[in-house]
Amino acid sequence: MEMYQDQAFLDFLQQNQGRGNIKVHLIIQGGAKPIEGAHVIVSKIIDGVSYKMAESHTDANGISEFLGLPALAKEFSLSPALVPYAGIIYDLFISRSGFLDGYATVPVFDTITTIHEMSPLNNFSNQL
């Protein structure tokens, strides 16, 4: 995870002591073939500023995992009345040549791995 020293980011870490994970799975539509080598960035907007939390490339199985992302502590998700929404929302940006760039929002919960499957569209205009 990227570390920033500004107060907004430090407050975010202090308020979100839990840790959760994201597992991104990129496949060609229909799921027949994984997309290897896609660049995946996980970011979080805090007080109107986008912070890059992590980045990676998908492996031969089309998978990229991000471990230890800040999340609300587990007790918040066990008592939904304490907060309006117990998950912390992260943004995913995905790019790879030959495909249109992708974007998604993904919730992260303490001690949970959120699996997000995407099927980016082929960018046929690159082939013309």
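All figures in this text were calculated on a predicted structure; none of them were measured in a lab.
A side-chain donor-acceptor contact under 3.5 Å links D110 to the backbone of R19. In this structure, the side chain of T114 engages the main chain of P107 through a donor-acceptor pair within 3.5 Å. When atom types are taken as modelled, the side chain of Q17 and the backbone of Q14 share a donor-acceptor pair closer than 3.5 angstrom. T58 places a side-chain N or O within 3.5 Å of a backbone atom of A38 that can act as its donor or acceptor partner.
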| request: Apply the test side-chain contact (heavy atoms from CB on, under 4.5 Å) to residues F12 and K44: give CA-CA distance (whole Å), side-chain angles for both, the deciding distance (0.1 Å), then the verdict. | output: CA-CA 10 Å; F12 172 75; K44 174 70 184 143; 3.8 Å; yes

| request: Show your working on side-chain contact (heavy atoms from CB on, under 4.5 Å) between I22 and Y90 and close with a plain yes or no. | output: CA-CA 9 Å; I22 298 175; Y90 287 91; 4.2 Å; yes

| said: V24 vs L92, test: side-chain contact (heavy atoms from CB on, under 4.5 Å). Steps then yes/no. | reply: CA-CA 9 Å; V24 176; L92 297 179; 3.8 Å; yes

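F99 places a side-chain heavy atom less than 4.5 Å from the side chain of I28. Between L26 and P34 there is no side-chain heavy-atom pair separated by less than 4.5 Å. Contact annotation: the side chain of V40 never approaches that of E55 to less than 4.5 Å [non-hydrogen atoms, C-beta and beyond]. For the pair D6 and Y51, the minimum side-chain heavy-atom distance is below 4.5 Å. A 4.5 Å side-chain heavy-atom check between D91 and S43 finds at least one atom pair inside the cut-off. The shortest distance between side-chain heavy atoms of F9 and P70 does not fall below 4.5 Å.
Scanning all heavy atoms of the two residues, the minimum distance from R96 to D101 falls at N-OD1, 4.4 Å. Nearest heavy-atom pair, G20 versus A71, reported as atom, atom and distance to 0.1 Å: N-CB, 4.2 Å.
Between the NE2 atom in H25 and the CD1 atom in I35 there is a gap of 9.0 Å [rounded to 0.5 Å]. The CD1 atom of I94 sits 10.5 Å away from atom NE2 of H39, with the distance rounded to the nearest 0.5 Å. How far CG of N16 is from CG of L72: 5.0 Å, rounded to the nearest 0.5 Å. Separating the CG atom in D59 from the CD atom in E36 is a distance of 7.5 Å, to the nearest 0.5 Å.
Side-chain contacts under 4.5 Å among hydrophobic residues (ILVMFWY), followed directly or transitively, place I41 together with F93, Y103.
Cluster annotation: M118 and V108 are assigned to the same hydrophobic cluster (Ile/Leu/Val/Met/Phe/Trp/Tyr, side-chain heavy-atom contacts under 4.5 Å, transitive). Note on I27: it does not cluster hydrophobically with I115, by side-chain heavy-atom contacts below 4.5 Å among ILVMFWY residues.
No side-chain donor-acceptor contact under 3.5 Å links D11 and Q15.
Checking N21, V42, I88 one by one against L69, the side chain to side chain contact (heavy atoms under 4.5 Å, CB included) holds for a single residue, V42.
Within 6.0 Å of CG in D47 there are 12 or fewer heavy atoms belonging to other residues, nucleotides or ligands.
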